[in-house]
Amino acid sequence: MSGLTLLFAFMAAAFCVGTAVFYGIVARRTLRGAARGWLLCATLVVVLGWSGYMLNVAPNAAILTGLILPLWLMGGLLGLLIGAIRNRRRGP
């Protein structure tokens, strides 16, 4: 398996896991609590990415902090949106 194929597999897996995790959080908690959790994770991802850039980390760590974690976070945002739409359609 080539390195590029493996990278795309990790990217797809990170996106899907982020979607599933935050969709599950919305299903168990309120949207407000889930959004707070997402904002906390977003802060951590930005801090990790910035510190990785400032420390000039190894290429593998740079791919994780600069590509994989932000994709996980974008998947989480999609999970939040899907969960909010589904909860709104279900009603009170």
Side-chain angles (χ1 to χ4, degrees):
M1 187 181 282
S2 71
L4 190 59
T5 305
L6 190 60
L7 177 65
F8 282 134
F10 278 129
M11 289 169 46
F15 188 82
C16 292
V17 166
T19 303
V21 165
F22 281 97
Y23 177 76
I25 290 173
V26 171
R28 284 184 268 132
R29 298 187 181 146
T30 63
L31 180 62
R32 188 175 188 175
R36 283 184 190 160
W38 186 87
L39 286 174
L40 177 68
C41 289
T43 304
L44 290 173
V45 166
V46 168
V47 166
L48 282 171
W50 184 254
S51 62
Y53 171 73
M54 294 302 290
L55 294 174
N56 199 18
V57 294
N60 291 339
I63 289 172
L64 175 72
T65 60
L67 187 63
I68 302 294
L69 287 178
L71 274 173
W72 175 80
L73 193 63
M74 284 187 267
L77 185 60
L78 180 66
L80 280 175
L81 292 173
I82 291 171
I85 291 169
R86 186 165 186 225
N87 285 344
R88 185 174 295 165
R89 287 187 181 185
R90 257 193 283 174

Practice problem: Provide the full list of ring-ring contact (aromatic ring centres under 6.0 Å, His included) pairs with a residue in residues 51-78, sequence neighbours left out, each pair given once. | Solution: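 Matches after skipping sequence neighbours: F22-W72, W50-Y53.
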Quiz prompt | From CZ (R36) to CZ (R29), nearest 0.5 Å | solution =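 If I round to the nearest 0.5 Å, the distance is 11.5 Å.
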With sequence neighbours excluded, residues passing side chain to side chain contact (heavy atoms under 4.5 Å, CB included) with [X]:
X	result
L78	F15, T19, I82
L73	W38, C41, A42, V45
R28	I25

Practice problem: Please go through L81's hydrophobic cluster and name the other residues, only I, L, V, M, F, W, Y counting, with side-chain heavy atoms under 4.5 Å joining them. | Solution: none
Quiz item: Can you list the other members of the hydrophobic cluster that holds V46, where links are side-chain heavy atoms under 4.5 angstrom apart?
Solution: none
Any link between [X] and [Y] through a network of hydrophobic side chains (Ile, Leu, Val, Met, Phe, Trp, Tyr) touching at under 4.5 Å?
X	Y	answer
L40	V47	no
V57	L71	no
V17	F8	yes
L48	M54	no

Exercise. Compare every heavy atom of L31 with every heavy atom of L80, then report the nearest pair and how far apart it is.
Key: O-CD1, 4.2 Å
Quiz prompt | Full working for side-chain contact (heavy atoms from CB on, under 4.5 Å) between L7 and L67 | solution = CA-CA 10 Å; L7 177 65; L67 187 63; 4.1 Å; yes
